[in-house]
Amino acid sequence: MKNYTNIAIVASFFALWMDSFLSDKHQVIMGFMLIFSFGILHGANDLLLIKNISAENKSNSWLKIFTYYVMIVLAGILIFYLIPLFALLLFIIVSANHFGEQQWQNLDNLFPKSVLLLYQSLYGLIILLLLFNFHSEQVQGIIETITQTTISTEIFLISLQISTALFLSMSVYFFWKIENIRKKILLELFFLVVFSILFKSSSLIWGFAIYFVIWHSIPSIIDQIKFLNKSFTFQNFFSYCKSAGVYWLVSIIGIAIIYYFYQDEELFNALFFSFLAAITFPHTLVINKMFGQKDALE
């Protein structure tokens, strides 16, 4: 994973360099291509992960697991339809924890679960709020389209300041108390600086795609393959893609249908992120269970 971190840093700044050669329209196209590839792919094997998480889950039929999964997705869509503002806030909180969990793994033996949950969520929330602040007007428009509510852009800044203050306070305390994670804390703070540069220098979709694919989706795919096969190899990667193929294709078809009927950029962005939210809810639960079993086995 250390080698991949170096690759991610180089790839991120290469993508940032490409930014100067791409028009806003081409950045959006390239960004969605990245999201539609590795971004969607990293959540397309959830059913396979569920079947491998525990002996109890293995006894359940594929149809039963699939039904539960689809019900959670449909519940997410229904919540977005009935109470969109609450659904959006829930999506942000869940995504924040999901992003933070990917960055801060293998710490269960160092912190109480509630403290680790807060720490991970604050880190992920800072990432999202950095993106929101550097593209506040566009994000404000997307939120208004989804919720029919106008959110002041000042809320993004205030939320970022509070989240950063809390995260830094906890980091300083952990740095003082726990010697073996000091390098990790400094490294993750450096990553936040990298993310700030990426988000500030790129468009909303391109910046989100760089983070979502390079820093979240690909590392998640690597972790999933290691969980399923005990090691990461290109052969295991191809098997992973083969297993995910049908679900990935269904997701892409769903997004294509949305685009066919709603080609206005702002409206499509709003519907796309709503769709992403609906599939994020069950995916987050699956990955949380995967990390829990992985830590237990270690």
Checking Asp223 against Phe227 for the side chain to side chain contact (heavy atoms under 4.5 Å, CB included) test, could you report, in this order, the C-alpha distance in whole Å, the side-chain angles of both residues, the deciding distance, and whether it holds?
CA-CA 6 Å; Asp223 287 336; Phe227 177 78; over 6 Å; no
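- Classification of the Phe212-His216 ring pair by plane angle, with boundaries at 30° and 60°, yields parallel.
- The distance from atom CG of Leu192 to atom CZ of Phe190, rounded to the nearest 0.5 Å, is 11.0 Å.
- Connection of Leu157 to Ile155 is not established within any shared hydrophobic cluster, with ILVMFWY side chains joined at heavy-atom distances below 4.5 Å, either directly or through further cluster members.
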After noting the C-alpha distance and the side-chain angles of Val139 and Phe156, does the key distance pass the side chain to side chain contact (heavy atoms under 4.5 Å, CB included) rule?
CA-CA 10 Å; Val139 172; Phe156 302 148; 3.8 Å; yes
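- Taking OG of Ser114 as the start and CG of Leu118 as the end, the distance is 8.0 Å to the nearest 0.5 Å.
- Summarising the geometry, atom CG belonging to Leu85 is positioned 5.5 Å from atom CD1 belonging to Ile151; distances are rounded to the nearest 0.5 Å.
- Clustering ILVMFWY residues whenever any of their side-chain heavy atoms sit less than 4.5 angstrom apart, transitively, puts Met18 in the very cluster that holds Ile9.
- Minimum interatomic distance between Phe199 and Phe208 (heavy atoms only, all atoms of both residues): CE2-N, 4.5 Å.
- Checking His26, Lys25, Gln27 one by one against Ser23, the side-chain hydrogen bond (donor to acceptor under 3.5 Å, both in side chains) holds for a single residue, His26.
- Ile197 and Leu186 fall within the same hydrophobic cluster, where Ile, Leu, Val, Met, Phe, Trp and Tyr residues are linked whenever their side-chain heavy atoms come under 4.5 Å apart, directly or through other members.
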Residues Thr150, Gln140; criterion side chain to side chain contact (heavy atoms under 4.5 Å, CB included); working and verdict:
CA-CA 7 Å; Thr150 302; Gln140 183 187 49; 4.0 Å; yes
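- Note on residues 166-186: pairs passing side-chain hydrogen bond (donor to acceptor under 3.5 Å, both in side chains), not counting sequence neighbours, are Tyr119-Ser171, Lys184-Glu188.
- Put simply, the side chain of His283 reaches to within 4.5 Å of the side chain of His42, judged on heavy atoms.
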Can Leu228 and Leu49 be said to form a side chain to side chain contact (heavy atoms under 4.5 Å, CB included), step by step?
CA-CA 7 Å; Leu228 292 169; Leu49 289 171; 3.8 Å; yes
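- Distance check: Asn288 CG to Gln120 CD gives 8.5 Å after rounding to the nearest 0.5 Å.
- Residues Asn133 and Ser136 have side chains that never bring a donor and an acceptor to within less than 3.5 angstrom of each other.
- Hydrophobic clustering, with ILVMFWY side chains joined whenever heavy atoms are under 4.5 angstrom apart, keeps Trp248 apart from Val246.
- Here the closest non-hydrogen pair linking Gly207 and Ser202 is CA-OG, 3.1 Å.
- Among all heavy-atom pairs drawn from Tyr123 and Phe191, the shortest one is OH-CB, 3.7 Å.
- If you take CG on Leu34 and OH on Tyr211, they are separated by 15.0 Å, rounding to the nearest 0.5 Å.
- The shortest distance between side-chain heavy atoms of Cys241 and Leu41 falls below 4.5 Å.
- Under the 6.0 Å cut-off for aromatic ring centres, Phe99 and Trp215 do not qualify, their centroids lying 6.0 Å or more apart.
- Looking at every heavy atom in both residues, Ala96 comes nearest to Leu128 through N-CD1, 3.9 Å.
- Side chain of Thr164 to main chain of Gln161: no donor-acceptor pair is present (N/O by atom type, distance under 3.5 Å, no hydrogens or angles).
- Inter-residue side-chain proximity for Phe91 and Thr284 is flagged as unmet; no heavy-atom pair is nearer than 4.5 Å.
- Separation of atoms CG (Leu16) and CD1 (Ile210) is listed at 6.0 Å; rounding is to 0.5 Å.
- Here the side chains of Ile205 and Met30 are not in contact, with every heavy-atom distance at 4.5 Å or above.
- With contacts defined as side-chain heavy-atom distances shorter than 4.5 Å, the pair Phe132/Ser159 does not qualify.
- A side-chain donor-acceptor contact under 3.5 Å links Asn45 to the backbone of Tyr240.
- Ile218 is listed as a side-chain neighbour of Val213, based on a closest heavy-atom distance under 4.5 Å.
- More than 12 heavy-atom neighbours from other residues, nucleotides or ligands sit within 6.0 angstrom of CZ on Phe232.
- At a threshold of 4.5 Å between side-chain heavy atoms, the hydrophobic network of Ile, Leu, Val, Met, Phe, Trp and Tyr places Leu168 and Trp104 in one connected group.
- At a cut-off of 3.5 Å, with distance as the only test, no side-chain donor of His98 or Ser95 sits close to an acceptor on the other residue.
- Residues Ser163 and Leu125 approach most closely at OG-CD2, 3.2 Å, considering heavy atoms.
- Side chains of Asn229 and Gln235: a donor-acceptor N/O pair is absent below 3.5 angstrom, by distance only.
- Residues Lys226 and Ser231 have side chains not in contact (no heavy-atom distance under 4.5 Å, counting atoms from C-beta outward).
- With hydrogens and angles left out, the side-chain atoms of Gln224 and Ser220 include a donor and acceptor closer than 3.5 Å.
- The closest side-chain heavy-atom distance from Leu122 to Met170 is below 4.5 Å.
- The two residues Ile146 and Pro84 make their nearest non-hydrogen contact at O-CB, 3.5 Å.
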